[in-house]
S.K.: 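The structure that follows is given in the form of structure tokens.
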Amino acid sequence: SSASGPFVQIITIFGANATTCRNFKLSPNTTYYYRVRAFNTDGDSAYTNVVSGTTTIVSSQSPTITTQPASQTITLGSSATFSITATGTAPLTYQWQKKAPSAGAFTNISSATSASYTFTPLAADNGAQFRCTVTNSVGSVTSNAAGLIVNVTLIINAQNGTVTRSPQGTQVTGGYIYPAGTVVTLTAAPSAGYSFSSWSGGLTGSANLATITLNANKTVTANFTLQ
């Protein structure tokens with residue numbers, strides 16, 4: 001019962017040695033009073049002494065981000081994953097947003113509605129920023145923005161000569177990596193007895209001093225001819 005009401009039967013438990021009972025769907029901040037008696041085929045026992053229990057008010061908590069997303073550096077063709085950890089009263093909903101390198105505002109990413117977001121970036125995503133808004137029935141909070149660097153690979157072939165690069169980039173096995181969109185100046189230097197003739201592959205033309213915009217993985221060949 002409550003303090004102002006009579007006792008009402010809430011549950012009957014059959015079986016020997018039943019010593020516990022749970023009472024659900026109670027009102028918050030309310031004191032309830034309980035008593036129990038045993039029974040068998042011969043009849044009912046007297047009621048026990050009355051005991052009481054008071055429910056508490058569980059306040060809802062607005063979302064709090066405990067782990068912010070980290071910036072990512074990937075090579076073109078690989079995937080990137082941004083993730084956060086958040087606490088607060090369930091259920092929590094998530095919405096990832098992106099700000100493109102040339103954009104002034106963040107926009108929602110369709111279907112990016114979990115605590116982590118994985119995708120395969122394009123070269124044009126280099127320099128983009130990502131963040132997540134977490135919402136529940138109490139409020140919402142937005143994470144810090146995390147940046148994305150997309151690197152591309154430049155492979156240079158030069159037989160009977162060499163090619164210098166500016167900027168030089170970072171050497172890796174088989175080539176050089178640069179942030180996507182980098183403009184690289186290439187200069188061909190022929191070995192003795194040869195002359196530079198042309199570029200082929202990702203770069204064309206016969207100008208010795210040439211520039212290439214790395215908006216994708218590219219392979220360039222410097223062609224030399226015997227004098």
Side-chain angles (χ1 to χ4, degrees), residues 1-74 79-101 103-121 125 127-149:
S1 77
S2 63
S4 60
F7 283 95
V8 295
Q9 183 171 311
I10 59 172
I11 190 170
T12 300
I13 302 175
F14 295 92
N17 302 320
T19 59
T20 61
C21 173
R22 293 185 178 182
N23 193 190
F24 296 96
K25 297 183 179 180
L26 302 177
S27 299
N29 199 30
T30 302
T31 299
Y32 291 87
Y33 300 85
Y34 298 89
R35 66 184 184 180
V36 64
R37 66 182 177 183
F39 68 93
N40 60 18
T41 55
D42 295 326
D44 300 332
S45 72
Y47 281 104
T48 64
N49 295 333
V50 175
V51 297
S52 64
T54 301
T55 57
T56 58
I57 298 176
V58 179
S59 59
S60 297
Q61 300 294 323
S62 60
T64 299
I65 295 175
T66 56
T67 303
Q68 297 285 347
S71 295
Q72 303 288 312
T73 298
I74 62 100
S79 63
T81 298
F82 295 93
S83 60
I84 63 169
T85 302
T87 61
T89 300
L92 298 175
T93 62
Y94 302 85
Q95 178 60 67
W96 285 93
Q97 299 177 317
K98 171 186 174 181
K99 184 169 76 170
F106 283 88
T107 58
N108 290 345
I109 303 171
S110 176
S111 301
T113 54
S114 63
S116 63
Y117 171 53
T118 300
F119 73 113
T120 301
D125 291 321
Q129 297 183 60
F130 297 83
R131 69 183 187 184
C132 185
T133 296
V134 186
T135 304
N136 67 4
S137 60
V138 183
S140 64
V141 63
T142 299
S143 73
N144 297 338
L148 174 66
I149 296 176

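Just the heavy atoms: all of them, side chains too, but no hydrogens, waters or symmetry mates, feed the values below.
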S.K.: Can you list every pair that meets salt bridge (Lys or Arg N to Asp or Glu O under 4.0 Å) and has a residue in residues 28-37, with sequence neighbours left out?
M.R.: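 For residues 28-37, and leaving out neighbouring residues, the salt bridge (Lys or Arg N to Asp or Glu O under 4.0 Å) pairs sorted by first residue read R37-D44.
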S.K.: Restricting to salt bridge (Lys or Arg N to Asp or Glu O under 4.0 Å), what partner residues turn up for D42, sequence neighbours left out?
M.R.: none
S.K.: With no hydrogens and no angle check, do the side chains of T133 and T142 hold a donor and an acceptor under 3.5 Å apart?
M.R.: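 T133 vs T142: donor-acceptor pair found between side chains.
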S.K.: Show which side-chain atoms of residues 53-64 pair as donor or acceptor with protein atoms under 3.5 Å away, not counting sequence neighbours.
M.R.:
| residue | atom | partner | partner atom | Å |
| --- | --- | --- | --- | --- |
| T54 | OG1 | T31 | OG1 | 2.7 |
| T55 | OG1 | S27 | O | 2.6 |
| T55 | OG1 | N29 | N | 3.0 |
| T55 | OG1 | T30 | N | 3.0 |
| T55 | OG1 | T30 | O | 3.2 |
| S59 | OG | Q61 | NE2 | 3.2 |

S.K.: With sequence neighbours excluded, tell me which residues meet side chain to side chain donor-acceptor pair (under 3.5 Å) with T135.
M.R.: none
S.K.: State which residues pass side chain to side chain donor-acceptor pair (under 3.5 Å) with T107; sequence neighbours excluded, sorted by chain then number.
M.R.: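 Checked T107 against side chain to side chain donor-acceptor pair (under 3.5 Å); zero matches.
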S.K.: Applying salt bridge (Lys or Arg N to Asp or Glu O under 4.0 Å) as the test, list every pair that has at least one member in residues 106-119; sequence neighbours left out.
M.R.: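 Of all non-adjacent pairs touching residues 106-119, none passes salt bridge (Lys or Arg N to Asp or Glu O under 4.0 Å).
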S.K.: For S71, which residues count as a side chain to side chain donor-acceptor pair (under 3.5 Å) partner, sequence neighbours excluded?
M.R.: none
S.K.: Applying salt bridge (Lys or Arg N to Asp or Glu O under 4.0 Å), which residue pairs with at least one partner in residues 58-69 are found, sequence neighbours left out?
M.R.: none
S.K.: Could you list all the ring pair (Phe, Tyr, Trp, His ring centres under 6.0 Å) pairs where at least one residue sits in residues 46-70, not counting sequence neighbours?
M.R.: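 Sorted result for residues 46-70: empty, none.
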S.K.: Sequence neighbours left out, what passes salt bridge (Lys or Arg N to Asp or Glu O under 4.0 Å) with K98? Give chain and number order.
M.R.: D125
S.K.: Are F82 and Y117 an aromatic pair by the rule of ring centers under 6.0 Å?
M.R.: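 Centroid distance F82-Y117: not below 6.0 Å, so no.
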S.K.: Taking salt bridge (Lys or Arg N to Asp or Glu O under 4.0 Å) as the definition, give me every residue that meets it alongside R22, ordered by chain and number, with sequence neighbours left out.
M.R.: none
S.K.: Under the side chain to side chain donor-acceptor pair (under 3.5 Å) rule, collect the residues that match up with T85, sequence neighbours excluded.
M.R.: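 Partners of T85 under the side chain to side chain donor-acceptor pair (under 3.5 Å) test: none.
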